[in-house]
J.: 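Below is the structure I would like to discuss, written out as structure tokens.
This is a predicted model, so every value here is computed, not measured.
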Amino acid sequence: MSGLDAAIATRLKRNAEGLVPAIAQQRGTGEVLMMAWMDDEALHRTLTTRRATYYSRSRQQYWVKGETSGHTQQVHEVRLDCDGDTILLVVDQEGAACHTGDRTCFDADTLLTPEP
């Protein structure tokens with residue numbers, strides 16, 4: 001059972017697995033770093049510790065960003081979008097955010113570039 005405040009929990013719109021997408025954004029620059037999944041417990045841990053905690057669908061366990069890599073996310077703000085179906089974490093990223101070693105998970109594939 002999660003310790004997430006009931007007032008927050010009732011606002012969340014979860015997928016069939018009970019998860020909500022969470023976007024990590026760099027504080028100050030607005031750079032989008034990564035997307036991961038959270039359930040009520042992961043959100044509760046993040047709000048309590050200010051360390052980004054996610055839920056791994058493949059491993060079916062919680063993970064704290066940077067716990068093994070050292071590439072941590074210090075959480076400064078947590079926001080819920082207007083529909084309650086996406087969480088935004090405003091963080092200070094230390095090191096790479098992506099598991100590939102890139103600064104962000106959005107560095108590799110540009111599908112459309114700005115017009116000149």
J.: Check Met35 against Pro21 and note the closest heavy-atom contact, atom names and distance.
T.: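 Shortest heavy-atom contact: CE-CB, 3.4 Å.
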J.: Indicate yes or no for a side-chain donor-acceptor contact from Arg79 to the backbone of Glu77 under 3.5 Å, with no hydrogens or angles considered.
T.: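 No; judged by distance alone, with no hydrogens or angles, the pair does not exist.
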J.: How many angstroms lie between atom CG of Leu43 and atom CG of Leu12, to the nearest 0.5 angstrom?
T.: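 Output value for this atom pair is 6.0 Å.
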J.: Going through the distances and angles, do Val91 and Lys65 end up as a side chain to side chain contact (heavy atoms under 4.5 Å, CB included)?
T.: CA-CA 11 Å; Val91 304; Lys65 181 67 177 166; over 6 Å; no
J.: Run Leu89 and Leu33 through side chain to side chain contact (heavy atoms under 4.5 Å, CB included) and show every step you take.
T.: CA-CA 10 Å; Leu89 306 178; Leu33 300 170; over 6 Å; no
J.: Nearest heavy-atom pair of Gly101 and Ala96: which atoms, and what distance?
T.: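 Looking at all heavy atoms of both residues, the shortest contact is O-CB, 3.3 Å.
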J.: Aromatic rings Tyr55 and Tyr62: how do their planes relate, parallel, tilted or perpendicular, breaks at 30° and 60°?
T.: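 Plane angle over 60°, so perpendicular.
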J.: In Å, rounded to the nearest 0.5 Å, how long is the span from CG of Leu4 to CG of Asp40?
T.: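 Reported value, rounded in 0.5 Å steps: 5.0 Å.
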J.: Please report the C-alpha distance between Thr72 and Arg51 in whole Å, then the side-chain angles of each, then the deciding distance to 0.1 Å, and finally whether the side chain to side chain contact (heavy atoms under 4.5 Å, CB included) criterion is met.
T.: CA-CA 8 Å; Thr72 60; Arg51 296 177 65 208; 5.6 Å; no
J.: Do Thr100 and Asp107 have side-chain heavy atoms sitting under 4.5 Å apart?
T.: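 Thr100 does not reach Asp107 side chain to side chain.
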J.: Of the options Gln73, Gln74, Arg45, which is the one that meets Arg50 in a side-chain contact (heavy atoms from CB on, under 4.5 Å)?
T.: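 Among Gln73, Gln74, Arg45, the one meeting side-chain contact (heavy atoms from CB on, under 4.5 Å) with Arg50 is Gln74.
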J.: Side-chain heavy atoms nearer than 4.5 Å, only ILVMFWY residues, links allowed to pass through others: does that put Val64 and Trp37 together?
T.: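 Val64 and Trp37: separate clusters.
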J.: Using the rule side-chain hydrogen bond (donor to acceptor under 3.5 Å, both in side chains), only one of Arg103, Gln25, Gln26 pairs with Glu31; which is it?
T.: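 Result: among Arg103, Gln25, Gln26, Arg103 is the only option passing the side-chain hydrogen bond (donor to acceptor under 3.5 Å, both in side chains) with Glu31.
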J.: Has Thr110 got a side-chain atom pairing as donor or acceptor with Thr113's backbone, closer than 3.5 angstrom?
T.: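 Not at all, since once roles are kept as given, no pair shorter than 3.5 Å links the two residues.
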J.: Please determine whether residues Ile87 and Ile8 belong to a single hydrophobic cluster, defined as Ile, Leu, Val, Met, Phe, Trp and Tyr linked transitively by side-chain heavy-atom distances below 4.5 Å.
T.: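 Yes, Ile87 and Ile8 fall within the same hydrophobic cluster.
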J.: Taking Thr53 for the side chain and Ala42 for the main chain, is one N or O donor matched with an acceptor at less than 3.5 Å?
T.: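 No, Thr53 side chain to Ala42 backbone: no donor-acceptor pair under 3.5 Å.
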J.: Give, for atom CG of Leu19 and atom CG of Asp85, the distance between the pair rounded to the nearest 0.5 Å.
T.: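 Between Leu19 CG and Asp85 CG, I get 13.0 Å after rounding to 0.5 Å.
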J.: Of all the heavy-atom pairs spanning Cys105 and Ala97, show the shortest one and how long it is.
T.: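 Taking Cys105 first and Ala97 second, the nearest heavy atoms are SG-O, 4.4 Å.
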J.: Could you give me the CA-CA distance, side-chain angles and deciding distance for Val20 and Asp39, then say whether side chain to side chain contact (heavy atoms under 4.5 Å, CB included) is met?
T.: CA-CA 6 Å; Val20 179; Asp39 65 2; over 6 Å; no
J.: Can you name the closest pair of heavy atoms from Val32 and Phe106 and give their distance?
T.: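 Smallest heavy-atom distance, with atoms named: CG1-CE1, 3.6 Å.
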J.: Between Glu41 (side chain) and His44 (backbone), is there a donor-acceptor pair under 3.5 Å?
T.: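 It does not hold such a pair.
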J.: With clusters defined by side-chain heavy atoms of hydrophobic residues (ILVMFWY) lying less than 4.5 Å apart, directly or transitively, does Trp63 cluster with Met38?
T.: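 Yes: a chain of side-chain contacts under 4.5 Å links Met38 to Trp63.
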J.: Can you name the nearest heavy-atom pair linking Arg14 to Ala9, along with the distance?
T.: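 Residues Arg14 and Ala9, closest heavy atoms: NH2-O, 2.8 Å.
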